[in-house]
Protein chains: 2
Amino acid sequence: MARIAELAHMSAGHIYHYFESKDAIIAAIVARECAMQAEGFANFEAIPSEELLQALVEKAGEGVEMNTDPFQSVLNLEIAAEAQRNPAIAEMLRAHDTKVRSIFAALLTTKLGLKDAEGRVELLFTIFGGLPIRILRNPGLDRDSLTAFLRKAIRSVLRD
Amino acid sequence: MARIAELAHMSAGHIYHYFESKDAIIAAIVARECAMQAEGFANFEAIPSEELLQALVEKAGEGVEMNTDPFQSVLNLEIAAEAQRNPAIAEMLRAHDTKVRSIFAALLTTKLGLKDAEGRVELLFTIFGGLPIRILRNPGLDRDSLTAFLRKAIRSVLRD
DNA sequence: CATTACTTCGAACGTTCATTCTAACTCTTC
DNA sequence: GAAGAGTTAGAATGAACGTTCGAAGTAATG
């Protein structure tokens with residue numbers, strides 16, 4: 001709280017006029033991150049069926065960039081760690097995950113005509129969700145090389 | 001420390017006869033986890049070249065099982081979170097990661113004759129490293145369905 | 001100008017936590 | 001069985017942290 005107050009240029013006590021507790025701040029951060037991610041997924045819905053596969057393959061680079069970004073990757077890991085000890089945060093994360101999973105699976109089913117879309121989605125989410133851990137363990141990661149093979153994998157997973 | 005003492009059936013003070021500090025306990029846990037993981041990778045080296053690809057595809061199921069195990073996945077996420085605020089732990093993780101990455105990449109290069117093995121390894125490590133986050137966000141994850149597509153992806157990534 | 005409401009501060013509080021220390025206990029050795 | 005070394009407990013310590021609270025400051029209203 002002291003550090004947050006410092007960064008927000010206010011006293012620690014003053015923060016409690018905006019947030020009920022530190023947990024409320026954390027919940028707000030997580031909610032904002034979930035909302036931002038949901039927005040990203042919403043963009044896919046506007047893409048015509050015949051372009052979707054190619055678009056997903058191309059967007060892989062952005063996904064790698066975003067999920068290995070120093071700020072974003074640290075925040076995402078921090079959120080995961082918080083969810084392990086804070087049931088309220090875990091619940092937020094799970095509800096959000098269920099939502100984006102079904103959105104994305106529906107996309108694959110209807111636009112790409114794929115069976116078992118849920119399993120494919122889980123694999124893709126595992127990969128992008130795993131990037132923060134990867135960059136933590138190997139900060140010198142060659143993003144381009146990884147992206148190249150990721151694109152191969154995506155094409156394979158999104159094929160019948 | 002109180003909780004550790006309770007689980008170890010000793011007083012909190014007594015623990016300090018075995019470990020210098022709480023950080024030393026954490027470092028020991030991380031070192032043990034790294035050693036166990038390194039052992040697992042060492043097993044691959046005994047596999048003949050012509051069986052390796054098939055073995056890796058088959059071992060995917062075990063990898064999913066292990067990395068979504070309630071204890072193991074929570075511990076791995078906890079270690080990652082710790083590394084974010086404890087430089088000593090981060091260094092251990094990175095040194096270990098460099099080691100296993102090069103072991104595995106050498107395997108792919110010499111036994112499977114693959115180029116750009118490093119990139120392939122990064123993708124595989126990203127996937128398995130991402131499983132703890134996946135199971136956290138979706139505890140109801142269908143492991144079999146995920147494993148099926150993971151095997152497809154592995155075959156694709158380990159092809160020329 | 002006076003009164004009221006809102007804003008902001010920072011000290012104080014209570015709790016939690018890792019760590020230290022002293023004293024008691026247990027075993028070994030002569 | 002006495003002495004000494006190693007072991008264990010548990011209270012004490014001091015720091016860190018989230019939160020509360022009263023006072024001081026600022027703006028709005030009549």
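A, B, ... follow the sequence lines: proteins, then strands. Residue 1 opens every chain. Note that the coordinates shown come from a computational prediction; the quantities given were computed from them, not determined experimentally.
When each of B:Ile135, B:Leu131, B:Asn138 is tested with B:Leu146 by the rule side chain to side chain contact (heavy atoms under 4.5 Å, CB included), just one qualifies, namely B:Leu131.
When ring centroids are compared, A:Phe149 and B:Phe125 stay outside the 6.0 Å threshold.
Going from atom OH of A:Tyr18 over to atom C1' of D:dT19 covers 18 Å, rounded to whole Å. Rounded to an integer number of Å, the gap from B:His9 NE2 to D:dT8 P is 14 Å. Summarising the geometry, the separation between CE on A:Met1 and P on D:dT20 is reported as 10 Å, rounded to the nearest angstrom. Following rounding to the nearest Å, B:His14 (NE2) and D:dA11 (P) show an atom-to-atom distance of 17 Å.
Atom CD of B:Glu20 sits in a sparse spot, with 12 or fewer heavy atoms from other residues, nucleotides or ligands closer than 6.0 Å.
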CA sep, side-chain torsions, deciding dist, call: A:Asp160, A:Lys115, salt bridge (Lys or Arg N to Asp or Glu O under 4.0 Å): CA-CA 8 Å; A:Asp160 249 329; A:Lys115 298 279 168 213; over 6 Å; no
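A search for ring-ring contact (aromatic ring centres under 6.0 Å, His included) contacts involving A:Phe128 returns nothing, not counting sequence neighbours.
Here CD of B:Glu122 is found 11.5 Å from CZ of A:Arg137. Values are rounded to the nearest 0.5 Å. The distance from atom CG of A:Leu150 to atom OG1 of B:Thr126, rounded to the nearest 0.5 Å, is 8.5 Å.
When hydrophobic clusters are built by joining Ile, Leu, Val, Met, Phe, Trp and Tyr residues whose side-chain heavy atoms come closer than 4.5 Å, directly or via intermediates, A:Val121 is grouped together with B:Ile127.
Nucleotides of DNA chain C that come within less than 4.0 Å of any heavy atom of chain A span, from the 5' end to the 3' end, C:dT8 to C:dG10.
For the segment residues 19-32 of chain B, residues with any heavy atom less than 4.0 angstrom from an atom of DNA chain C are, sorted by number, B:Ser21, B:Lys22.
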